[in-house]
Protein chains: 2
Amino acid sequence: MRKITSTNFENEKFLEYDCPFITTLRFIGKRWKPAVLWKINQGYIRFKLLKQVLPLISDKMLSATIREMETDGIIQKEVFDEVPLRVEYKLTEFGKELLPILKEMNEWGMKTIEKITSHNKV
Amino acid sequence: MRKITSTNFENEKFLEYDCPFITTLRFIGKRWKPAVLWKINQGYIRFKLLKQVLPLISDKMLSATIREMETDGIIQKEVFDEVPLRVEYKLTEFGKELLPILKEMNEWGMKTIEKITSHNKV
DNA sequence: TCTCATACTTACTAAATTGTTAGTAGATTA
DNA sequence: TAATCTACTAACAATTTAGTAAGTATGAGA
């Protein structure tokens, strides 16, 4: 959790209203956020499904990532009173506005992975 | 500096060849990177100019940000043997490929800042 | 000789992020 | 009774990132 007394925090607070990039990274700049968002958008809308398609994420990180994105208004949680418990997530309208960025990130990332791995194949 | 012996590092190393988003964040996921890149592209190609348009960045962070992006092959440095020393930076072709992402990030960020600040004006 | 300029680096500190391991609730199944 | 299921949380440890303050090299000009 962040401390609200720190130059770091103050800096971000200020920059958030000044620099669009810092604002954007505030929402998607952590390791797992873009991937989780993308996967939810693709239909992996439950905790377990997300763990399956992102096998390296830990329970804690997935849970924290989801919670933060919920707080940020990017995703919505729906709890079904069933047994065993069913919980589903979906993008909010605000969250959907992030998709163009994610699309570009995804494409660039894939291209770059190809470059890197084909170099290694020499 | 990163330690090359850490789960964190290993995780990223692996994910870098697996998850496009993590790859992308590897290159632009730090606070000042997108802004510096964007500003260089806009013509603020010297240390001093960058400090002027990003007044809150410290010398250290600007220097570190530039150095990393150089190592990553995103920008190129040119040193002119003049007095006082002149150094200029420009995007490489690889770096230019990041511009579509930056463009989307910038637009989303600006829209979001507007939303946030107009709420506050109530 | 002292100060100024540019483009940095160094040493140190503080804070944020990520990861590991184990455990929880409530109901169901073996 | 014990194990299984989903969707988590808690306690703790390690690593990474960001920030502050001061200093460096080179040469020019007063």
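Values below: every heavy atom of this structure, side chains too, minus hydrogens, waters and symmetry copies. Convention: sequence-line order gives letters A, B, ...; per-chain numbering from 1. Because the structure is a prediction, the values reported are computed rather than measured.
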Given [N], is OP1 or OP2 found less than 4.0 Å from the side-chain N or O atoms of [X]?
{"X": "B:Arg46", "N": "C:dA7", "result": "yes"}
{"X": "B:Arg67", "N": "C:dT9", "result": "yes"}
{"X": "A:Ser63", "N": "D:dC8", "result": "no"}
{"X": "A:Lys60", "N": "C:dG19", "result": "no"}
{"X": "B:Arg31", "N": "D:dG19", "result": "yes"}

*Under 6.0 Å from the NZ atom of A:Lys90, do we count more than 12 heavy atoms belonging to anything else shown?*
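Not buried by this count: 12 neighbours or fewer within 6.0 Å.
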_Heavy-atom count check: over 12 atoms from other residues, nucleotides or ligands less than 6.0 Å from B:Phe94 CZ?_
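Above 12, so yes.
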For the pair made of [atom1] in [X] and [atom2] in [N], what is the distance, rounded to whole Å?
{"X": "B:Ile66", "N": "C:dA7", "atom1": "CD1", "atom2": "P", "result": "9 Å"}
{"X": "A:Met61", "N": "D:dT16", "atom1": "CE", "atom2": "C1'", "result": "13 Å"}
{"X": "A:Leu50", "N": "D:dC8", "atom1": "CG", "atom2": "P", "result": "10 Å"}
{"X": "A:Ile45", "N": "D:dT6", "atom1": "CD1", "atom2": "P", "result": "15 Å"}
{"X": "A:Lys30", "N": "D:dA18", "atom1": "NZ", "atom2": "P", "result": "13 Å"}
{"X": "A:Lys51", "N": "D:dC5", "atom1": "NZ", "atom2": "P", "result": "14 Å"}
{"X": "B:Arg26", "N": "D:dT16", "atom1": "CZ", "atom2": "P", "result": "13 Å"}
{"X": "B:Asp59", "N": "D:dT24", "atom1": "CG", "atom2": "P", "result": "15 Å"}

*Going only through I, L, V, M, F, W and Y residues with side-chain contacts under 4.5 Å, is there a path from B:Leu37 to B:Met61?*
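Looking at the clustering, B:Met61 is in the same group as B:Leu37.
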*In plain terms, say whether B:Glu107 and B:Lys103 are close enough for a salt bridge, that is, a side-chain N and a carboxylate O under 4.0 Å apart.*
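Judged by the 4.0 Å cut-off on N to carboxylate O distance, B:Glu107 and B:Lys103 do form a salt bridge.
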*Looking at the side chain of B:Tyr89, which of D:dA28, D:dT6, C:dA7 is the nearest nucleotide?*
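The nucleotide sitting nearest to the side chain is C:dA7.
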*From C:dT6, D:dT20, D:dT6, pick the nucleotide closest to the side chain of B:Lys48?*
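The answer is C:dT6, which lies nearest to the side chain.
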_Flag, side chain of B:Thr92 to backbone of B:Gln76, donor-acceptor distance under 3.5 Å_ =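 It does not hold such a pair.
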*Whichever of A:Gly29 and A:Val83 has its nearest DNA chain C nucleotide further upstream toward 5'*: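 The answer here is A:Gly29.
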_Categorize A:Lys77 for me: base, sugar-phosphate, or nothing, with a 4.0 angstrom heavy-atom threshold over every strand shown._
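Sugar-phosphate contact only.
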